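Single-structure report; data block below.
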Amino acid sequence: MRSAHAFPPLTWQKSSFSGGGTTDDCVELATPETTPIAIHLRESDSPATILTTNHATLKALLTTLKRGNGVGER
């Protein structure tokens with residue numbers, strides 16, 4: 001993870017599903033124009049903390065979570 005100051009300005013998009021609660025907390029992502037293979041993720045309530053990944057890794061994570069093979073299973 002890097003500080004938000006290490007990145008050029010990014011256009012953040014909010015997740016289409018944010019949990020439906022009364023708060024505005026959600027996951028946001030951005031893909032910089034200069035390095036389109038990178039994907040930056042952050043929580044809206046903690047915008048200075050940014051996780052950088054790539055398409056293949058993010059796809060693998062989402063596939064695992066959708067299948068229910070994630071944390072907490074035994």
Side-chain angles (χ1 to χ4, degrees):
M1 286 187 265
R2 293 193 255 170
S3 165
H5 302 293
F7 296 105
L10 298 167
T11 302
W12 292 94
Q13 297 179 332
K14 289 188 177 189
S15 167
S16 61
F17 179 77
S18 298
T22 58
T23 65
D24 196 26
D25 298 342
C26 65
V27 174
E28 299 174 326
L29 65 93
T31 303
E33 292 180 18
T34 57
T35 55
I37 61 170
I39 298 174
H40 305 296
L41 303 164
R42 71 181 185 184
E43 281 195 55
S44 60
D45 62 342
S46 183
T49 303
I50 298 171
L51 173 68
T52 301
T53 190
N54 60 47
H55 293 272
T57 304
L58 182 59
K59 181 179 179 180
L61 172 65
L62 294 175
T63 299
T64 298
L65 294 173
K66 286 179 182 179
R67 287 185 183 150
N69 299 333
V71 177
E73 294 208 358
R74 296 181 187 225

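This one's a predicted model, so the numbers in the text were calculated from it and none came from an experiment. Side chains included, hydrogens not; waters and symmetry mates left out as well; all remaining heavy atoms used.
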Quick note, salt bridge (charged side-chain N to carboxylate O under 4.0 Å, His left out) partners involving residues 34-43, not counting sequence neighbours, are E28-R42
When every non-hydrogen atom of H55 is compared with those of I37, the smallest separation belongs to CD2-O, 3.7 Å
Between P32 and A38 the two heavy atoms that sit nearest each other are CD-O, 3.7 Å
Looking only at heavy atoms, the pair that brings I50 and W12 closest together is CD1-CZ2, 3.9 Å
Sorted by chain and number, sequence neighbours left out, side-chain contact (heavy atoms from CB on, under 4.5 Å) with T53 holds for I39, L41, T57, L58
Shortest non-hydrogen pair, A30 vs T11, comes out as CB-O, 3.4 Å
